[in-house]
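A note on names: the letters A, B, ... follow the listed sequences, proteins ahead of strands, and every chain is numbered from 1.
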Number of protein chains: 2
Amino acid sequence: MDDHTGYLIIKVAGMAVPAFERALVPLGLNTRQVRVLGFLHGESLSQAELCARTGLDRTTMVAVLDELEQLGHATRERSKSDRRKHVVRITRNGKAAYAKATKKLLRAQEELLQPLAPAERAQLHTLLSRLFDASQACAPEPAAEAVS
Amino acid sequence: MDDHTGYLIIKVAGMAVPAFERALVPLGLNTRQVRVLGFLHGESLSQAELCARTGLDRTTMVAVLDELEQLGHATRERSKSDRRKHVVRITRNGKAAYAKATKKLLRAQEELLQPLAPAERAQLHTLLSRLFDASQACAPEPAAEAVS
DNA sequence: TATTGTTATACTCTATAACTATA
DNA sequence: TATAGTTATAGAGTATAACAATA
């Protein structure tokens, strides 16, 4: 069973996940927090919209935003147009942290892919993209809108 | 961040894991059980040796073997040479179940890799092998011996 | 004293349901 | 009635420690 491609994918991912988590430890962040910050980089979103984009459920999102707020990387305030919603914004500190995190993650990825030549990395990327895109084509999600 | 290779690997693995688990549902098995059965296919091993090969810890192994024993796929008996050890053997039923499971997993893999042409699948396999082997070369584990 | 298998415990993740406030 | 956010709770999964039997 160990020589199957599907098993290899899972094994390599099993190496990647802790590598990325480790890379963020010096910043006091985890990958979930960085992922949420990434979606806030360009626009402010409600928690429900963040859930739709990240795939996290709303109870998890509450915890992640509690953490990001405490770190000073994001803020929550009531929406003026719909007072049920919280507008989540990334702070200046949050943007700086996200930039640092991106660099750390890229370096971790470099290390992970180091056994491959540049052309091979591009090949791998293309092949994985094809697999991922094919699965996304099956279950299309409507994009969420930004909020004021 | 979504366009990074490391993230793609994790995403594709996130598709593969539930696909494999789903493929085994009709057999009443999970991937962990099948993985353990695979190591028993050729030889009988103690629980500690199974742990060394599968990477599962010994408390988890107890639970997995309880399940396999109840399903009639494996047996435990005390080793004659060292009465602390349990010799774990796969049964005839267990071998049959493992054969069926392997077919199911292969079919699930076929489906997962269906977006790629045969040559591309081979390419993907080679690239992932290189990444996996490189990581294994860093942390070599001594192989466990069989037991009577 | 160390090792094997076992049990008990705790801790993390995740999923569900219930509650509030707003619409 | 439905939605957004929150809280509480229960379940699976995993890791740690303690224990009995054996070496």
| said: Please determine whether side chain to side chain donor-acceptor pair (under 3.5 Å) holds for the pair B:Thr5 and A:His125, giving the CA-CA distance in whole Å, both sets of side-chain angles, and the decisive distance to 0.1 Å. | reply: CA-CA 5 Å; B:Thr5 307; A:His125 189 95; 2.7 Å; yes
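Atom CG of B:Asp66 and atom P of C:dT6 are 7 Å apart (whole Å). Put simply, NZ on A:Lys85 is 17 Å from C1' on D:dT6, counting in whole angstrom units. Rounded to an integer number of Å, the gap from A:Met61 CE to D:dT7 P is 15 Å. A straight line from CG of A:Leu45 to C1' of D:dG5 spans 16 Å, rounded to a whole angstrom. Rounding to whole angstrom units, CZ of residue A:Arg76 and P of D:dA4 are separated by 16 Å. For the pair B:Gln47 CD and C:dT7 P, the computed distance is 10 Å after rounding to whole Å. The distance from atom CD of B:Glu77 to atom P of D:dT22 is 16 Å, rounded to the nearest whole Å. In this structure, the CG atom of A:Leu56 is 14 Å from the P atom of D:dG5, given to the nearest Å.
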| field | Protein proximity profile, nucleotides 11-23 of chain C - base contact B, sugar-phosphate-only contact S, no contact -, cut-off 4.0 Å on heavy atoms | value | ---SSBBB---BS
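Atom CG of residue A:Leu40 and atom CZ of residue A:Arg35 lie 12.0 Å apart, to the nearest 0.5 angstrom. The structure places CG of B:Leu27 at 10.5 Å from CD of B:Gln33, a figure rounded to the nearest 0.5 Å.
Between A:Glu110 and A:Arg121 a salt bridge is recorded (basic side-chain N to carboxylate O distance below 4.0 Å). Using a cutoff of 4.0 Å between basic side-chain nitrogens and carboxylate oxygens, A:Arg53 and A:Glu43 are scored as salt-bridged.
Defined by atom type and a distance below 3.5 Å, a donor-acceptor pair is present between the side-chain atoms of A:Thr31 and A:Glu21.
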